[in-house]
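Numbered from 1 within each chain, the chains take letters A, B, ... in sequence-line order. No experiment lies behind these values; they were computed from the predicted model shown.
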Protein chains: 2
Amino acid sequence: MSKYINEMNDIFKALNDATRREILELLRQKDLSAGEIADAFNISKPSISHHLDILRRADLITSEKKGQFIIYSINTTIMEDVLQWILTFKK
Amino acid sequence: MSKYINEMNDIFKALNDATRREILELLRQKDLSAGEIADAFNISKPSISHHLDILRRADLITSEKKGQFIIYSINTTIMEDVLQWILTFKK
DNA sequence: TATATATTTAGACAAATATCTAAATACTTT
DNA sequence: AAAGTATTTAGATATTTGTCTAAATATATA
């Protein structure tokens with residue numbers, strides 16, 4: 001409950017940034033390394049790393065080390081929580 | 001397009017606050033005056049007024065003057081936009 | 001018309017956020 | 001082992017945000 005609220009806080013906080021929403025849209029198409037994600041934006045790698053951290057903390061993405069790369073993937077199951085919240089407003 | 005992005009920015013910004021999400025949940029049940037909404041929170045009336053302004057700017061709520069009261073209503077059609085965005089992630 | 005009620009506007013302030021550069025860490029290759 | 005590549009961590013800074021109190025505006029009532 002308080003846990004649920006915190007979860008929703010983290011999710012909405014993560015979604016409240018156009019760059020992070022774009023990262024999710026990229027990852028929706030395929031897994032990408034941190035560097036590949038950074039290359040898609042005119043933002044420094046440390047800043048992108050920070051965005052990835054926020055998305056990961058909200059559980060919207062997962063990461064896995066592959067050699068010297070870190071591969072990020074989207075976790076669509078969390079979107080289900082947002083979906084359910086939104087659906088309570090349908091009429 | 002850029003308009004769409006701004007709209008999404010406003011919507012997600014509005015949703016990125018637990019108090020504002022609670023206001024939406026209250027209004028989902030019935031229309032309320034600004035004062036009635038404020039009474040539901042331990043937050044000053046001016047702060048609630050500010051939250052209402054952010055929700056109204058995102059078009060998530062509408063307001064109508066009724067005598068000396070201002071009655072707020074939820075606008076669920078905007079939730080449809082969020083819903084559509086979320087749905088693009090459904091696998 | 002004077003007073004009370006409802007709400008917003010204005011202005012201030014502390015906390016959170018997005019960004020940057022520089023440095024640290026971890027892995028790979030030569 | 002040294003050098004190069006990938007990524008994060010640390011620390012700084014400017015902007016945004018949520019909150020407050022005080023004042024302004026608008027309507028209703030006595």
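- A/F41 comes within 4.0 angstrom of nothing in the nucleic acid, heavy atoms only.
- Taking 4.0 angstrom as the limit, A/S33 places none of its side-chain polar atoms (N or O) nearer than this to OP1 or OP2 of D/dA6.
- In this structure, A/H51 atom NE2 and D/dT9 atom P are separated by 15 Å, rounded to whole Å.
- Here the P atom of nucleotide C/dA16 and the NZ atom of A/K13 are 9 Å apart, to the nearest Å.
- Taking all atoms of both residues into account, the shortest heavy-atom contact from B/A38 to B/K45 is CB-CG, 3.8 Å.
- In this structure, B/L55 places its CG atom 12 Å from P of C/dT8, rounding to the nearest Å.
- The distance from atom CG of A/L52 to atom P of C/dA18 is 13 Å, rounded to the nearest whole Å.
- Closest approach of B/R20 to B/K13, counting heavy atoms only: NH2-O, 3.0 Å.
- When the C1' atom of D/dT7 is taken as reference, atom CD1 of A/I23 falls 14 Å away, rounded to whole Å.
- Computed from coordinates, the A/N16 CG to C/dT17 C1' distance equals 10 Å when rounded to whole Å.
- Among D/dT21, D/dT19, C/dT9, the nucleotide with an atom closest to any side-chain atom of B/S49 is C/dT9.
- To the nearest 0.5 angstrom, B/I54 atom CD1 is 14.0 Å from B/I11 atom CD1.
- For the pair A/S47 and C/dC20, the criterion of a side-chain N or O lying under 4.0 Å from OP1 or OP2 is met.
- The structure places OG1 of B/T19 at 11.0 Å from CG of B/L24, a figure rounded to the nearest 0.5 Å.
- Of all non-hydrogen atoms in A/T76 and B/F89, the two that sit nearest each other are CG2-O, 3.0 Å.
- A/S44 has no side-chain polar atom (N or O) that falls below the 4.0 Å cut-off from OP1 or OP2 of C/dT19.
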Practice item. Treat primed atoms plus P, OP1 and OP2 as sugar-phosphate and everything else as base, then score nucleotides 24-30 of chain C 5' to 3': B for base contact with protein heavy atoms under 4.0 Å, S for sugar-phosphate contact only, - for none. Key: --SBS--
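- Here the shortest heavy-atom pairing between B/I61 and B/R56 reads CG1-N, 3.6 Å.
- Between the CH2 atom in A/W85 and the CD atom in A/E7 there is a gap of 13.5 Å [rounded to 0.5 Å].
- Considering only side-chain N and O atoms, B/Y72 lies nowhere under 4.0 angstrom from the phosphate OP1 or OP2 of C/dA6.
- Nearest to the side-chain atoms of A/I43 among the listed nucleotides C/dT8, C/dC20, C/dA18 stands C/dC20.
- A/D53 comes within 4.0 angstrom of nothing in the nucleic acid, heavy atoms only.
- Comparing D/dT7, C/dT7, D/dT17 by their nearest atom to the side chain of A/A34 picks out D/dT7.
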Pairs: protein N or O with nucleotides 10-14 of chain C N or O, under 3.5 Å:
none

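- Atom pair A/D17:CG and D/dT17:P shows a separation of 11 Å (rounding to whole Å applied).
- Cluster annotation: A/L15 and A/L26 are assigned to the same hydrophobic cluster (Ile/Leu/Val/Met/Phe/Trp/Tyr, side-chain heavy-atom contacts under 4.5 Å, transitive).
- Rounded to whole Å, the distance from CZ on B/F69 to P on C/dT8 is 13 Å.
- Note: the hydrophobic cluster containing B/L52 also contains B/F41 (ILVMFWY, side chain heavy atoms under 4.5 Å, direct or indirect links).
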Exercise for review: Give the intermediate values and the outcome of side-chain contact (heavy atoms from CB on, under 4.5 Å) for residues B/M79 and B/L60.
Suggested key: CA-CA 7 Å; B/M79 287 291 186; B/L60 284 161; 4.0 Å; yes
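- No contact: B/R56 has no heavy atom under 4.0 Å from any strand.
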